[in-house]
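This report concerns only the one structure given below.
Proteins get letters first, then strands, A, B, ... in listed order; numbering begins at 1 in each.
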There are 2 protein chains.
Amino acid sequence: MNFNQAKTQFIQTWGTLGSEWGINRSMAQVHALLLISPEPLSTENVMEELSISRGNANMNLRDLMNWNLISKVLVPGDRKEYFEAEKDIWEIARRIAKERKKRELEPVLKVLDQLKQADLDKSLKTHQSFLATINDLDDFVGKMDKSVEVMLKADESWFFSTLLKLIK
Amino acid sequence: MNFNQAKTQFIQTWGTLGSEWGINRSMAQVHALLLISPEPLSTENVMEELSISRGNANMNLRDLMNWNLISKVLVPGDRKEYFEAEKDIWEIARRIAKERKKRELEPVLKVLDQLKQADLDKSLKTHQSFLATINDLDDFVGKMDKSVEVMLKADESWFFSTLLKLIK
DNA sequence: CTAAACTTTCAATTATTACTGAAAGTTTAG
DNA sequence: CTAAACTTTCAGTAATAATTGAAAGTTTAG
């Protein structure tokens, strides 16, 4: 396998993985492209490399900025904007975890807490069962949330070594 | 908020969360419905409760079986099939983690390992950068994979207490 | 065996999500 | 100031994913 094949397959694979995890395929591909690029790339570069439109490239670059996964780079003497990706995988994982916690975990926790307040008749089996599930989930999601906090504060080697040395 | 409102909102919320994580909305809703139901439900029950078609109900119930999240229950004297969900949230999390590991993590690891073999010219910056990213990712995804293994072997209280007591 | 009860399949349709490209908006060099 | 260089927006279109419902398949009671 030569470089271009490998590069294409990497971008492809990352795109597929992304879409399996609810991330827009193109966004994941743009990210992959920037991850392996030694130099910052312009919108045009991205358009060409991935054969996508200007609008698409622009939107996904903007989204990646909102996820804190890439940043703008100014090249002196050039009016174009260039983009480069954070390359530290652990840092990437933390930023993704942070965003998903904020966007998904926290809202769900809020809903679960509200549902606990619903006025139920505890003599009914259906209501009991509902409450039990909600309570269990709230507890679990709360622990997940806290775990992500731990991860956000931790450094990589500590985090994995704590986790992994216990497998033996 | 009364029971039916709470129930509807829970099913709704779970469906939304599911689709944010790459899981079909209906499948997540069927799962939510079964999670809070004190009794096993038939395909007809599911169709009525969620106002979905027979085909849709059947497919999603089958998928949930493939994910090991629900199982068939036989009710004596009844030819219909009934379904009940695993209710232990930690067990649910383990089964989901197990499946996603198998379906998504492992294939990606395999690709990354192949990409490491690509024949590259290490004097080129682009190739160096590619290889560095692939290596870092492979390492990281490998650790994630191992962490899931730890989780699969662990029991809940141990797992979270190990993780959480270190936040202080 | 066979007809009723039930489950599964899948082509056609509908809903959702993503993408394009041209126009509008913004910035800056001169 | 203004025209060129660049970025953003968004209505229309295309691609993808999910759903329906009727027909085909399967099982079992009698």
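Glu91(A) and Arg95(A) are joined by a salt bridge, as a carboxylate oxygen and a charged side-chain nitrogen come within less than 4.0 angstrom of each other.
Taking side-chain N and O atoms only, Ser26(A) has a distance below 4.0 Å to OP1 or OP2 of dC19(C). Taking 4.0 angstrom as the limit, Asn24(B) places a side-chain polar atom (N or O) nearer than this to OP1 or OP2 of dT19(D).
Checking dT19(D), dT27(C), dA18(C) against the side-chain heavy atoms of Arg79(A) singles out dT27(C) as nearest. Proximity note for Met59(A) (side chain, C-beta onward) versus dA4(C), dC10(D), dA18(C): the nearest is dC10(D).
Geometrically, Arg25(B) does not engage Trp14(B) in a cation-pi contact defined by less than 6.0 Å to the ring centre and at most 45° from the axis.
Across all strands shown, the partner of dG21(D) is dC10(C), judged by Watson-Crick or G-U wobble contacts whose two distances both fall under 3.5 Å. Remark: dG30(D) base-pairs with dC1(C); criterion is Watson-Crick or G-U wobble with both hydrogen-bond distances under 3.5 Å.
Between the CZ atom of Arg25(A) and the P atom of dT20(C) there is a distance of 13 Å, rounded to whole Å. Here dA17(D) presents its C1' atom at 15 Å from CD1 of Ile23(B), a figure rounded to the nearest Å. Distance Met27(A) CE to dC19(C) P: 12 Å, rounded to the nearest Å. Look at CG on Asp78(A): it is 9 Å from P on dT7(D), rounded to the nearest Å. Between the CG atom of Leu61(B) and the P atom of dT19(D) there is a distance of 13 Å, rounded to whole Å. Atoms CG (Asn56(B)) and P (dT20(D)) sit 5 Å apart, rounded to a whole Å. Residue Asn60(B) contributes atom CG, which lies 14 Å from atom C1' of dT9(C) at whole-angstrom precision. One atom, CG of Asn66(B), and another, C1' of dT8(C), lie 13 Å apart when rounded to the nearest Å.
Among the heavy atoms of the strands lying under 4.0 Å from Arg62(A) are primed sugar atoms or P, OP1, OP2 only; no base atom is included. Nucleic acid contact class of Asn58(B) (heavy atoms, under 4.0 Å, all strands): base.
Relative orientation of the Phe159(A) and Trp90(A) rings is tilted, given thresholds of 30° and 60° on the angle between their planes.
Each of Lys101(B), Arg100(B), Lys102(B) was scored for a side chain to side chain donor-acceptor pair (under 3.5 Å) with Glu104(B), with one residue passing: Arg100(B).
Mapping Gly55(B) and Gly55(A) onto DNA chain D by nearest heavy atom places Gly55(A) closer to the 5' end of the strand. Position along DNA chain D of the nearest nucleotide to Ser19(A) versus Phe83(A) favours Phe83(A) as the more 5'-ward residue.
Counted by atom type alone, Asn135(A) and Thr133(A) present zero donor-acceptor pairs between their side chains at under 3.5 Å.
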